[in-house]
Asker: 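The structure that follows is given in the form of structure tokens.
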Amino acid sequence: MANIHFAKIEKKWQKRWEDEKAFEVSEKSKKPKYYVLDMFPYPSGTGLHMGHAFVFTLGDIFARFKRLQGYNVLYPIGYDSLGLPAENAAIKVGTHPKEYTANSMKNFMKQQKAMGWSYDWSRLVKTHDPEFYKWDQWIFLKMLEKGIAYRKKAPVNWCDKCLSVLANEQVVNGCCWRHEDSEVKIKHLEQWFFKITNYADELLEGLDKLDWPDRAKKMQRNWIGKSYGTEIVFKIDGKSWPIFTTRPDTLMGVTFMVVSAQHSKLMEIVTTKQKKEVESFLKKIKTTSEKDSDKLNKEGVFSGSYAEHPLTGEKVPIYVGNFVLADYGSGMVMAVPAHDQRDFEFAQKYKLPVVQVIRRENVSVKSYLMGASKINDEDLTKLNIEIIEKTEDGDRKIIIPKDKLNDYEKLIINKLDNGFWNEYLSDEIIFLFKHKNGKVERIILDKKSEEKIDKLASEFIGKKWTKSCVWKWLAENNFYTDLIIHEDFGKLINSGKFNGLESKEAKEEISKILQAKKLGKKTVNYKLRDWLISRQRYWGTPIPIIYCDKCGAVPVPEKDLPVKLPEKVKFGKGNPLETANSWKETKCPKCSGKGRRETDTMDTFVNSSWYYLRYTDPKNSKEIFDKKKANYWTPIDQYIGGPEHITMHLIYIRFYAKFLRDLGLLKFDEPALKYFTQGIVKASDGEKMSKSRGNVVEPLETIEKYGADTLRLALVSFGLPDADFNWNEKILLGSNKFLNKVYDYFSDFKSGKKDVKIDNKMNKSIELITKDIENFKHNLAVIKIRQLFDSFQNVKIDKNNAESFLKLLHVYCPYITEELYEKLGNKKLISLSEWPKVGKIDEGLLKAEESLEKTIEDINYVINLIKEKENKDVSKIFIYVMPNEVENFDSASLTKRFNKEVKVFAVNDSKKYDPEGKAKKAKPGRAGIYLE
RNA sequence: GCGGGAGUGCCGGAGCGGUCAAACGGGACAGGUUUAGGACCUGUUAGCUUAGUGCUUACGAAGGUUCGAAUCCUUUCUCCCGCACCA
């Protein structure tokens, strides 16, 4: 077998594609448009890695596929070239980020071209180009105008290694997203924000329309975190303090309040008496709380103040707690320990009362059977009562089936000693007291009956039964707690006039009453925060603002854009732009007085939030883009990228689209209709590929050794593209082998006759493969392509089918298919040809082939068997088939295949040779056979 | 804790109500070819059985729905990923 000269072929076709501008497109086409987009790469110095090779190959396959299907496909590429790594390299190696970036890009481009990706290079976009980031600045000014961009002093996440602040989305487990070992600190700084929360609702609702993986949609929903609830006003010292809750139905169970330790108005609540204690508490949690990724212990301290319960007017103590978020809701919560796990933990720790106000239906009945020596275990098991624990003194913890509750009551009334009691918990805690005279009293525990129960209990056992004692007991024994402490909905108890209401009704009712009293209203809350865009770094888009002592923060006029990055700055000591004095000092655009430029730059996610639009009109120097062009190409029909971008990039890009739409520039709501997330390429040992582990496989090296087509084919053959997979050298070799066979077959191609069977198989394959590609099931499509090849590799097929086959393979292996397509006599590029059409499919014929295959299998099996058992070689094969199937069995080709004499008979052929009556074994679709 | 996904042969992985002992690859084994190795070709690869078309177990575990389940439902175990004190 000849080895393919990949390098030569690759070079040849790269040049042809370039010379013919094969993949350059314009909006002046009659074909329908289709926008395929890969997330543009950050050009790092290390070059393209296998992960890149994989994603972009997926994109290229899809772009080529759509192109062949007759779409006007926009498949652009660019570089997300602003960003921290370039700057950090600058610090480390001493090069300027610009140089570093230029080198990286050069390196990238070479590799990208080698992979055979069919980009429209004429639309290349680089975000570090002032002609690009000029429009970042322009959008910023527009946002400022519309009140979307604003500046405020805020507690921000600070990473000591980045020497910059981070967006909320960039904080991972309390650490920096790029530096896992760098704890994020809280600093208070004046920073620029984008009011993404204005679009929270739309960002949430828009998800329904998108053809995205469920996982991605769910993650975004979760990130936006909309929750419906009620704002309830608690009065503290006559002042109103609203809090947010999703469970107003538990309002009557509030036993204390907790305010966040980071609350900005915390000290207004703390009394002078408690001040010292609170302060030392604050100090303590500052030093301990930070790194805990596990749930941290709930801790707190009494503030000294009390809040007024909006319904009962009762005084509720306020605690300062470490577990309440300052920036969610209002930074204070009403604590309902019976129906919130965190509140319960806190209540237990600080011995605060717990009041159950929601009762669940249909939960098992539990009882603690004290004393009751006359009741033996058999009595209980007879009633199907489960004894879960027995104490030394004969007490039993039991679970009673709901329907046996009456029987249980009867049993204990009969057998309980006079002058004793039993309590159990069904929907409520029920006490059965059996007096000395035999009278039985049944009392349900609530606030009113508490005193009476207390009295009776002390009469009976001589010591006081109090609620606090029960709670202590509960805490120690954990027996009833799961029935009382729960977060479920149910019916209200212990809630005065709301008793008996369902949670849902109670929510409405209580909200209504609060609203009437002006002490509350229904409201919504989001987890989503405004986007903090200020970064104290150099290699980003300068924020176009000039500070003036007289005029304040003045936007740079549009005509003065772009505000270019100064070249001469000092790296490594704080914010580099601070060191560019001649750049920093400028005139105030308003009063022409002394002005000072904003030295912060924008988060680089700003660039990727709209780059896809610039591709539609990349060289426009007058506008951000031509509206007509942009609206012709967009929205993106198929977006492809990593799962790590779901909560950052993909939220921001949607936000930007909505803002630009509101500016009147765009006509759509959602920028990316379909989104595909690829899996991660891991090393063959299942670990991440990394230099330190020494398990990295370099795309470029692989290309040199096996060819780009081999690499591309192998990458999609590993498994489903959206699942992670491990690198496997064998699959690479297998792919290479296959391509060699294909190359051999077609490079020496002589057209055969048209064949119905091959047509049929081809048509079926086209149908299935098209579907697979459409759904990104490339591993399956490749298998079908291989099977298709297997089916004809020993015969001559006609030119039409040959071309169809090459086109199917082309999306995966563009180079050799171009080469072979040319060898078939085509002058035009296969890249710009047409996807094969599905012709008529004869399912019957396919079945007939299947049955032929099965028969061949049978024959092979028996040949082996005879050889093994009798050590005889078979020389003649007789096949018996249904009369209508005879035509499917061509004895000549079978003779050739087995290199033995083959005779085919219809089962009803009276002249057939059949000494053992094997014809009787024949069934429709399966032949009978006899060998000798 | 919450949310998502997955558990199939020696391995990677198809199948997602009957056509399944399970595509396709890899590995292993046997045979052919070859000076040998490699490469290539042919076949076998749950168990039993019969010269194949038969039976029995199998699709993490246990139940259920159905004439029929790897496929649907319930419970449970394990693993992976994302979010995480969001009131």
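A, B, ... follow the sequence lines: proteins, then strands. Residue 1 opens every chain. All figures in this text were calculated on a predicted structure; none of them were measured in a lab.
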Asker: Whole angstrom is fine here: how far is it from CG in A:N779 over to C1' in B:G13?
Answerer: 8 Å
Asker: Now, which nucleotide makes the Watson-Crick or G-U wobble pair with B:U66, with each of the two distances under 3.5 Å?
Answerer: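 For B:U66, the partner nucleotide comes out as none, under the 3.5 Å rule.
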Asker: Does A:V55 have any side-chain contact (heavy atoms from CB on, under 4.5 Å) partners at least two apart in sequence or in another chain, and if so, which?
Answerer: A:I640, A:Q678
Asker: In this structure, is the centre-to-centre distance between the rings of A:F792 and A:Y745 below 6.0 Å?
Answerer: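 Yes, they do, as the ring centres are separated by less than 6.0 Å.
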Asker: Between B:A84 atom C1' and A:K298 atom NZ, what is the distance in whole Å?
Answerer: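 Atom NZ in A:K298 sits about 11 Å away from atom C1' in B:A84.
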Asker: Name the pairing partner of B:U35, where a pair is Watson-Crick or G-U wobble with both distances under 3.5 Å, or state none.
Answerer: none
Asker: Where each residue is assigned the nucleotide of RNA chain B containing its nearest heavy atom, which of A:R247 and A:I929 is assigned the position nearer the 5′ end?
Answerer: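 Nearer the 5' end of the strand: A:I929.
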Asker: What's the gap between B:G64 and B:U44 when it is taken at their C1' atoms, as a whole Å value?
Answerer: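 Comparing C1' positions in B:G64 and B:U44 gives a spacing of 40 Å.
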Asker: Sticking with atom P, work out how far B:C77 lies from B:A23, rounded to a whole angstrom.
Answerer: 33 Å
Asker: Is a side-chain donor or acceptor of A:H339 paired with a backbone partner of A:H486 at a separation under 3.5 angstrom?
Answerer: yes
Asker: Calculate the interatomic distance between A:I358 atom CD1 and B:A87 atom P; express it in whole Å.
Answerer: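 After rounding, the reported distance stands at 16 Å.
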Asker: Within the 4.0 Å heavy-atom criterion, would you say A:G928 contacts the bases, only the backbone, or no part of the nucleic acid?
Answerer: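 The residue A:G928 makes base contact.
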Asker: Roughly how many Å is it from OH in A:Y328 to C1' in B:A87, rounded to a whole number?
Answerer: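 Computing the A:Y328:OH to B:A87:C1' distance gives 7 Å.
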Asker: When the P atoms of B:C10 and B:A28 are considered, how many whole Å apart are they?
Answerer: 16 Å
Asker: Using the C1' atom on both, measure B:U78 against B:A61 and round to a whole Å.
Answerer: 10 Å
Asker: Is the closest basic N to carboxylate O distance between A:K284 and A:E299 below 4.0 Å?
Answerer: yes
Asker: Taking any strand in view, what nucleotide pairs with B:A23 in a Watson-Crick or G-U wobble way, both distances under 3.5 Å?
Answerer: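 Base-paired to nothing in any strand shown.
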Asker: Nearest-nucleotide wise, let me know which of A:F718 and A:K777 is further upstream toward the 5' end of RNA chain B.
Answerer: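 Closest to the 5' end, via its nearest nucleotide, is A:F718.
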Asker: Is it true that A:D201 and A:Y526 share a donor-acceptor pair across their side chains at a distance under 3.5 Å?
Answerer: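 Yes, side-chain donor-acceptor contact under 3.5 Å.
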Asker: If I take atom CZ in residue A:F725 and atom P in nucleotide B:C11, what distance separates them, rounded to the nearest angstrom?
Answerer: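 From A:F725 CZ to B:C11 P: 21 Å.
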Asker: Would you mind pulling out the nucleotide paired to B:C16, Watson-Crick or G-U wobble, both distances under 3.5 Å?
Answerer: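 When the pairing criteria are applied, nothing turns out to pair with B:C16, so the answer is none.
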Asker: Checking contacts here: which listed nucleotide (B:A87, B:C41, B:A51) is nearest the side-chain heavy atoms of A:K741?
Answerer: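 Among the listed nucleotides, the one closest to the side chain of A:K741 is B:C41.
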Asker: Could you work out, with ring pair (Phe, Tyr, Trp, His ring centres under 6.0 Å) as the rule, every residue matching A:F738, not counting sequence neighbours?
Answerer: A:F789
Asker: In whole Å, measure the gap between the P atoms of B:G68 and B:U57 for me.
Answerer: 15 Å
Asker: When you compare B:C73 with B:G4, how far apart are their P atoms, in angstrom units rounded to a whole number?
Answerer: 14 Å
Asker: Quick one: look up who B:U44 pairs with, Watson-Crick or G-U, both distances under 3.5 Å, and put none if it's unpaired.
Answerer: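 With both distances under 3.5 Å, B:U44 matches B:A28.
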Asker: Mind checking A:V324 for me? I need base, sugar-phosphate or nothing, with any heavy atom below 4.0 Å counting as a touch.
Answerer: base
Asker: Under 3.5 Å for both donor-acceptor distances, Watson-Crick or wobble: does B:A61 have a partner, and if so which one?
Answerer: B:U75
Asker: Whom does B:C83 pair with, Watson-Crick or G-U wobble, provided both distances fall under 3.5 Å?
Answerer: B:G1
Asker: Rounded to whole angstrom units, what separation is found between the NZ atom of A:K218 and the P atom of B:G3?
Answerer: 10 Å
Asker: Would you please name every residue forming a ring pair (Phe, Tyr, Trp, His ring centres under 6.0 Å) with A:F878, sequence neighbours left out?
Answerer: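 If we apply the ring pair (Phe, Tyr, Trp, His ring centres under 6.0 Å) test to A:F878, skipping adjacent residues, the hits are A:Y913.
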Asker: Between B:A87 atom C1' and A:W241 atom CH2, what is the distance in whole Å?
Answerer: 17 Å
Asker: State which of B:G15, B:A84, B:C81 makes the closest approach to the side chain of A:R215.
Answerer: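 Shortest atom-to-atom distance from the side chain points to B:C81.
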Asker: Going by the rule ring pair (Phe, Tyr, Trp, His ring centres under 6.0 Å), which residues pair with A:H309 if we only count those two or more places apart in sequence or in a different chain?
Answerer: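 Partners of A:H309 under the ring pair (Phe, Tyr, Trp, His ring centres under 6.0 Å) test: none.
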Asker: Each nucleotide N or O in nucleotides 17-27 of chain B that has a protein N or O under 3.5 Å away: list the pair and distance.
Answerer:
from, atom 1, to, atom 2, distance (Å)
B:A23, O2', A:Q787, NE2, 3.2

Asker: Who are the side chain to side chain donor-acceptor pair (under 3.5 Å) partners of A:H778, not counting sequence neighbours?
Answerer: A:Y812
Asker: Under 4.0 angstrom, heavy atoms only, what part of the nucleic acid is A:S227 near: base, sugar-phosphate, or nothing?
Answerer: sugar-phosphate
Asker: Could you tell me how far B:C2 sits from B:U76 if I compare only their P atoms? Round to whole Å.
Answerer: 12 Å
Asker: Between B:G25 and B:C79, how far apart are the P atoms? Round to whole Å, please.
Answerer: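 Roughly 34 Å separates the two P atoms.
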Asker: Please give, in whole Å, the distance from B:G12 C1' to A:L732 CG?
Answerer: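 These atoms are roughly 15 Å apart.
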